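Since we're looking at a predicted model, the values are computed, not measured.
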Amino acid sequence: MDKILILDFGSQTTQLIARRIREIGVYTHILPGDIDYEPGFLDSVSGIIFSGSPSSVYQEDAPVPDKAWYETGLPLLGICYGFQRMTADHGGEVLSLEKNEYGRSKVSFQKESPLFKDVPDGFLSWMSHGDSIKKLAPQFNLIAESEHHIAVGFWEDKNIYGIQFHPEVSHCEYGNQILENFVCGISGAEKSWNMDAYLAEVKDEVASQTGEKDVLLLISGGVDSTVVGALLLKALPPEKVHLMYIDTGMMRKDESAEVEKILLTLGAQNLYLIDAEERFLSALAGVSEPEEKRRIIGDLFITVQEDEIAKRLSGDYMLAQGTLYTDMIESGKGVGKKAQVIKSHHNVRSPLVERKREAGLIIEPLSKLYKDEVRQLGRNLGLTEAIVGRHPFPGPGLAVRIPGDITKDKCDILREADAVFISQLKERELYDKIWQAFCVLLPVRSVGVAGDAREYGWVVAMRAIISRDGMTADVYPFEMKDLLEISSLITNSVRQVGRVVYDVSSKPPSTIEWE
Ligand code: XMP
């Protein structure tokens, strides 16, 4: 399969470049921009992109590509910092602007080039930079200028291209066309990346990695592990596949039953549903400190896992994981050496995973995919829209949605309120417009009237956000009518809830979950 390589110098839009090119139909892989060059990196590579960066080429610690990339003979495209980097590395000059240039900017062509095939002169590009080109490198031909007559595009005879603007950003007119011109026209990559092709390939890969061994997968009920489960059951004899699901007592309403139904439909034969509600709730009794709650849940999860696995499997079985491409990058395997590691708290590093990794017994069949590609793969595997379109759910479950101490009663109340909220969103056709929605049970009792009596009921907060990846989030702007109706449905059907509020905080500064 042809592929495009991106050297990442730490830009926020590197992932976006990769996604855009994959949408065009060409597999794209990201490497740290300052990685030492190895010829093996070029296997099946048709072209290379240098990304943007928060650094300036003149900074002492700016990421520098190995010079060998320039000698590969493959087409290269520098974007923003990549453009400036190539210029500086070839004897041109870059200068710092007094004011950052940010936003739309008209581009006028100075010379015909294959990079701008089918793009009209004067199109509006998207700029975001603090440095600019003072003088192009001697062998670079100017192909485009900004409104202020500054070089924003060059082409060198050995097929090196640079552009100052960001074609990957949706505000850039003809951005996809420019990327496609580079990827398919100039680099000649074939559009062979799609989920059908990937499914065929990954099925063989899983079968050959596994050989005669058994495979264990821990199912959380989320999209990723469900897709891995479906894939394993397609790729391997079902008797070799062991699926374990631990119910901590802090799952959503009917979640465990639904998980069981889905997995049985997929042909699971070794399905272990572990009811660990009592163990978890008694370990958490009386604990209110958020980090302490998370720690207890994380540790106990590992203990229960190890206990339950030991009862069923031993020896050198394989462990399958639903790790995504973004997880690999976030945990520091894909970004530049000096780039900030942005890994969140989310992936539990269990001793089991570490042991299996050391022994080479891990399979991660989603590790090349972005979330939306995982959803598509799920569809190709026959999973329903209700499964692949599910909102994310945190590992510690309802525990992070019940500030203060956790009891079974509180979990039950929250489960009921949350189920009303979610079913209303589905009924009103809002569920798919929202990235994540849920209720939170506040540690507050507020007064209300029930008949003639005053009653102290719980307060429930509704949360609904839109987001791309959970890193930032905006509040979903409900119609007031929907809010009012859903609020009264919650208080009418969950007796213990006396008041409903709507959380109108974006992320940042708030997080999506309350703890
Ligand atoms: P926050 O609350 O950090 O959440 O803004 C961002 C996204 O991550 C989910 N989340 C978690 N997922 N284990 C998980 O698997 C966790 O401990 C965890 N904490 C938050 C959250 O639901 C949201 O989608």
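Residues Asp372 and Arg19 form a side-chain contact, since some pair of their non-hydrogen atoms from C-beta on lies under 4.5 Å apart. Looking at heavy atoms from C-beta onward, Phe438 lies out of side-chain contact with Phe393 at the 4.5 angstrom threshold. In this structure the side chain of Leu76 never reaches within 4.5 angstrom of the side chain of Tyr161, judged on heavy atoms. Using a 4.5 Å cut-off on side-chain heavy atoms (C-beta onward), Gln424 and Met462 make no contact. Leu95 places a side-chain heavy atom less than 4.5 Å from the side chain of Ser132. Residues Glu173 and Ser125 are not in side-chain contact: their nearest non-hydrogen atoms beyond the backbone lie 4.5 Å or more apart. Under the 4.5 Å side-chain criterion, counting only non-hydrogen atoms from C-beta, Thr210 is not in contact with Lys240. Gln110 places none of its side-chain heavy atoms less than 4.5 Å from the side chain of Ile143.
Considering all non-hydrogen atoms of both residues, Ala437 and His391 come closest at N-ND1, 3.1 Å. For Leu319 against Lys356, the heavy-atom pair with the smallest separation is CB-CG, 3.9 Å. In this structure, Arg375 and Val388 approach most closely via the heavy-atom pair NE-O, 2.6 Å.
Atom NZ of Lys106 has 12 or fewer heavy atoms from other residues, nucleotides or ligands within 6.0 Å. Summarising the local packing, CD of Gln12 is surrounded by 12 or fewer heavy atoms from other residues, nucleotides or ligands at distances under 6.0 Å. The local environment of CD in Gln139 is crowded, with over 12 non-hydrogen atoms from other residues, nucleotides or ligands closer than 6.0 Å. Within 6.0 Å of atom CD in Gln59, more than 12 heavy atoms from other residues, nucleotides or ligands are found, so the atom counts as buried in its surroundings. By the neighbour-count criterion of 12 heavy atoms within 6.0 Å, atom CZ of Phe478 is densely surrounded, having more than that number from other residues, nucleotides or ligands. More than 12 heavy atoms of other residues, nucleotides or ligands lie within 6.0 Å of NZ in Lys67, so this atom counts as buried by the packing criterion.
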Open item on the list: The test is side chain to side chain donor-acceptor pair (under 3.5 Å); show your working for Ser220 and Ser225 and say whether it passes.
Closed with: CA-CA 6 Å; Ser220 70; Ser225 61; 3.3 Å; yes

- [ ] Would you please test Glu364 and Arg357 for salt bridge (charged side-chain N to carboxylate O under 4.0 Å, His left out) and show each step?
- [x] CA-CA 11 Å; Glu364 295 175 306; Arg357 202 178 288 286; 3.2 Å; yes

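At a cut-off of 3.5 Å, with distance as the only test, no side-chain donor of Ser51 or Ser11 sits close to an acceptor on the other residue. Counting only N and O atoms by type, the side chains of Glu373 and Trp193 include a donor and acceptor under 3.5 Å apart. Looking only at atom types and distance, the side chain of Thr13 has a donor-acceptor partner in the side chain of Glu168 under 3.5 Å away. Between the side chains of Asn176 and Glu180, no donor N or O sits under 3.5 Å from an acceptor N or O. Using modelled atom types, one finds no donor on one side chain facing an acceptor on the other under 3.5 Å when comparing Glu101 with Gln164. Ser56 and Asp131 form a side-chain donor-acceptor contact under 3.5 Å, judged by distance and modelled atom types alone.
Results of the side chain to side chain donor-acceptor pair (under 3.5 Å) test with Tyr325 over His29, Gln15, Lys368, Arg22 single out His29 as the only residue that passes. Put simply, the residue from Phe123, Trp126, Tyr102 that forms a ring pair (Phe, Tyr, Trp, His ring centres under 6.0 Å) with Phe165 is Phe123.
Comment: Arg252 does not engage Asp418 in a salt bridge, judged by the lack of any side-chain N to carboxylate O separation of less than 4.0 angstrom. Contact check on Asp474 versus Lys507 returns no salt bridge, with no Lys/Arg side-chain nitrogen under 4.0 Å from an Asp/Glu carboxylate oxygen. At a threshold of 4.0 Å, the pair Arg401-Glu515 does not count as salt-bridged, since none of the basic side-chain nitrogens sits closer than that to a carboxylate oxygen.
Aromatic pair Phe50/Tyr70: centroids less than 6.0 angstrom apart. In this structure, Phe116 has its ring center no closer than 6.0 Å to that of Tyr174.
Of the inter-residue distances, the one linking Leu352 atom CG with Leu218 atom CG reads 7.0 Å to the nearest 0.5 angstrom.
Figure legend: Lys426 and Tyr431 shown as a cation-pi pair, the cationic atom lying under 6.0 angstrom from the six-membered ring centre and within 45 degrees of its axis.
Within the structure, salt bridge (Lys or Arg N to Asp or Glu O under 4.0 Å) pairs that include any residue of residues 381-394 comprise Glu255-Arg390, Glu258-Arg390, Arg379-Glu385 (at least two apart or interchain).
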